Trainee: 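One structure is given below, represented as structure tokens, and several questions about it will come after.
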Amino acid sequence: MEYTVNGAVQAAILSRLGADAEAVRLTVFDAVTSTNDLLRKAAEQGAPEFTVIAALRQTAGKGRQGRQFYSPPSGLYLSMLLRPEMTETLTLTPLAAAAAAEAVEQCSGAPVQIKWVNDLLLHERKICGILAESKFSDAGTPDYVIVGIGINLIEPEGGFPPELAEIAGAVFPAGADLHAVFADCAAGLISALMREYRYLPVRHYLDAYRERLCVLNRQVTVCENGTERQALALAVDDDLRLLVRYPNGSEQWRATGEIRIRL
Ligand code: BTN
């Protein structure tokens, strides 16, 4: 596939970044297969930390658990390369969720919620998904982590496909200026990611994450290996493990996985 740089959107983002523009290596494409895949190739060739690839459309967007991520030309698809010193992959996903929530709120004024572990919701509909992918050295230290974020900025023309129609939402109303909201949100997202990453040692992102977490004291469905169990979500700890209680009274701390909120 041929990749065309969108110089106008790229310049608009850089102009909004202020001092952060110097640290970032940003490329914005009209369309790519997957920003995560493209960035992985750059990482393998030695690209530095804070290399960012963004696109207005993906033809093979990747979601969690091997799923596809629907990526029409009405969203923001962005991946940032990080080279942390420690094994921080699990931490970087909630960090990205907190940063994305802050960025979306800042550029839209909309109240964003976080559904454990890393989906963003607006009015109970998913507006953003996050996929972090890592490569480790033989010594077990991280070589790099790619944090990929997809945000539904505007409802796609003709609406979401049937399988997403009940669960997906968009940040801005139909008719919004895509390039303007893309540049605003991308700049906000890059700045928020860099800020939260710089404060990673003190886990600055935890407050932003907890404030927006919307699953506590709610009935949820825990999905695991094709099975589903009902449970009550009770608490999250500082590692953002979720404590759930099943109807038989047993309790379990869950480090990762998928839950659905029962409305
Ligand atoms: C999910 O909700 O399952 C995670 C979706 C992650 C999508 C983003 S879009 C930018 C980056 N490139 C990809 O191919 N995936 C991530």
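We count ligands from 1, going down the list as the structure has it; atoms in each ligand are counted the same way. What you see is a predicted model; the values in this text were computed from it and never measured. In what follows, every heavy atom counts, from backbone to side chain, and hydrogens, waters and symmetry copies are set aside.
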Trainee: Ignoring angles and geometry beyond distance, decide whether Arg67 reaches within less than 3.5 Å of ligand 1 through its nitrogen or oxygen atoms.
Mentor: no
Trainee: For ligand 1, which atoms, with element, lie under 4.0 Å from some heavy atom of Leu131?
Mentor: 6 (C)
Trainee: Applying side-chain hydrogen bond (donor to acceptor under 3.5 Å, both in side chains), name anything that partners Asp20, two or more places apart in sequence or on another chain.
Mentor: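 Once residues adjacent in sequence are excluded, the partners of Asp20 under the side-chain hydrogen bond (donor to acceptor under 3.5 Å, both in side chains) criterion are Ser191.
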Trainee: Going by the rule side-chain contact (heavy atoms from CB on, under 4.5 Å), which residues pair with Asp37 if we only count those two or more places apart in sequence or in a different chain?
Mentor: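 Expected list: Ser34, Arg40, Lys62.
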Trainee: Gly63 heavy atoms, cut-off 4.0 Å: which ligand 1 atoms fall inside?
Mentor: 1 (C), 3 (O), 4 (C), 5 (C)
Trainee: With backbone taken as N, CA, C and O and side chain as the heavy atoms from C-beta onward, which portion of Ser71 lies under 4.0 Å from ligand 1: side chain, backbone, both, or neither?
Mentor: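 For Ser71, there is no contact with ligand 1 at all, from either part.
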Trainee: Donor-acceptor check, side chain of Arg254 to backbone of Arg241, threshold 3.5 angstrom: yes or no?
Mentor: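 It does not hold such a pair.
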Trainee: Could you check whether atom OH of Tyr199 has more than 12 heavy atoms from other residues, nucleotides or ligands sitting under 6.0 Å from it?
Mentor: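 No - once you tally the heavy atoms of other residues, nucleotides and ligands closer than 6.0 Å, there are 12 at most.
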Trainee: Just heavy atoms, cut-off under 4.0 Å: does Asp37 contact ligand 1 by side chain, backbone, both, or neither?
Mentor: neither
Trainee: Within ligand 1, which atoms have a heavy atom of Gly61 less than 4.0 Å away?
Mentor: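 Atoms satisfying the 4.0 Å criterion: 14 (O).
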Trainee: Hey, is Gln65 touching ligand 1 through its side chain, its backbone, both or neither, going by heavy atoms under 4.0 Å?
Mentor: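 Near ligand 1, Gln65 shows nothing, with every heavy atom at 4.0 Å or more.
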Trainee: Report, in ascending order of atom number, the atoms of ligand 1 lying under 4.0 Å from any heavy atom of Lys126.
Mentor: 1 (C), 2 (O)
Trainee: State whether the shortest distance between N or O atoms of Thr35 and N or O atoms of ligand 1 falls below 3.5 angstrom.
Mentor: yes
Trainee: If you count the atoms of ligand 1 from 1 in the order shown, which ones are under 4.0 Å from a heavy atom of Gly150?
Mentor: 8 (C), 9 (S)
Trainee: Which of the atoms of ligand 1 are close to Lys62, meaning less than 4.0 Å from one of its heavy atoms?
Mentor: 5 (C), 6 (C), 7 (C), 13 (C), 14 (O), 15 (N), 16 (C)
Trainee: What verdict does the salt bridge (Lys or Arg N to Asp or Glu O under 4.0 Å) test give for Glu224 and Arg229, after you've listed the backbone C-alpha separation in whole Å, the side-chain angles of each residue and the deciding distance to 0.1 Å?
Mentor: CA-CA 8 Å; Glu224 189 171 37; Arg229 290 176 81 184; over 6 Å; no
Trainee: Check whether the side chains of Glu163 and Tyr70 place a donor and an acceptor atom closer than 3.5 Å, and report yes or no.
Mentor: no
Trainee: Do Thr221 and Gln230 meet the criterion of a side-chain donor-acceptor pair at a distance under 3.5 Å?
Mentor: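 Short answer, yes.
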Trainee: Should the ring pair Phe29 and Tyr3 be called parallel, tilted or perpendicular, given that the plane angle runs from 0 to 90° and is split at 30 and 60?
Mentor: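 Taking Tyr3 first and then Phe29, their aromatic rings sit tilted (interplane angle of 30° to 60°).
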Trainee: What residue and heavy atom of the protein are closest to atom 5 (C) of ligand 1, and at what distance?
Mentor: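 Looking only at protein heavy atoms, the one closest to atom 5 (C) of ligand 1 is Phe69 CD1, 3.4 Å.
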Trainee: For ligand 1, which atoms have a heavy atom of Ser79 less than 4.0 angstrom away?
Mentor: 11 (C)
